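Counting starts at 1 for both ligands and their atoms, following the listed order. Residue indices begin at 1 and follow the sequence shown. Please read these numbers as outputs of a predicted model, since none were measured by experiment.
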Amino acid sequence: MATVLVVEDDAFVRAALVRHLSNAGHAVRSVGAALDAVREVTQIGCDLVVLDLGLPDLDGADALRMLRGVTEVPVLIATARDDEAGIVRLLNSGADDYLVKPFSPEHLNARVAAVLRRSSPVGPTPVSRVGELVVDSRQREVTLDGQTVHLTRREFDLLAFLAARPGAVVQRRELLAAVWQQAYGGDQTIDVHLSWLRRKLGESAAHPRYLHTVRGVGVKLEAPRS
Ligand code: CA
């Protein structure tokens, strides 16, 4: 059994997908837009995404790119287009497999099972520890040096995303997608939240301890070198 996220805007198709996957024993959640899918995947996590290509907010290739910006979970493309070149392009951009609509429940479940067999389970780690900083994504609690740090929802999401990737430089567009569910813009928004977060962690851009800005690239969180 796996947790499957269905991303499909057509209510009839979505209900059918949820029913077929639930009948096969999976825990199923569903959303109707790509940005909702990005939020679900980053905040809750899942084992597999079934992604419709014709979504109202983003083109299928962009939706896949945004998902790939925030997660390694397998993505099974569900497409009404019998467009071989398009499918090949998506497989090359990180999709794991595809189904051409309409498909039978048996075909869907066989593809899902095959993709899950090939993948190892991934999802947000509930507790990240970086130096003396502990970020508990399940309880949404942060402690630093044993003291609770009170954060707003966005500050928490931003810190949790960075803490799950300690030492890695995270690009601004990844943060924008994962924390704000936006595809473009928002540099100032990120800067403002980073500066609030720094203050709450008792540091500053001039004297960083955990949060380091890498000019022109992004941000990384790492334990202070002592
Ligand atoms: Ca659609």
Trainee: With a 3.5 Å distance limit and no angle check, can you tell me whether E8 reaches the backbone of V13 through a side-chain donor-acceptor pair?
Mentor: no
Trainee: I'd like to know if the side chain of H193 and the backbone of E155 have a donor-acceptor N/O pair within less than 3.5 Å.
Mentor: no
Trainee: Taking D96 for the side chain and L76 for the main chain, is one N or O donor matched with an acceptor at less than 3.5 Å?
Mentor: no
Trainee: Can you name the N, O or S atom of D9 that is closest to the Ca ion (ligand 1)?
Mentor: OD1
Trainee: Specify which N/O/S atom of D52 comes nearest to the Ca ion (ligand 1), by atom name.
Mentor: OD2
Trainee: Do any of the N/O/S atoms of G54, backbone or side chain, fall under 3.0 Å from the Ca ion (ligand 1)?
Mentor: yes
Trainee: Does some side-chain heavy atom of V219 sit less than 4.5 Å from a side-chain heavy atom of V214?
Mentor: no
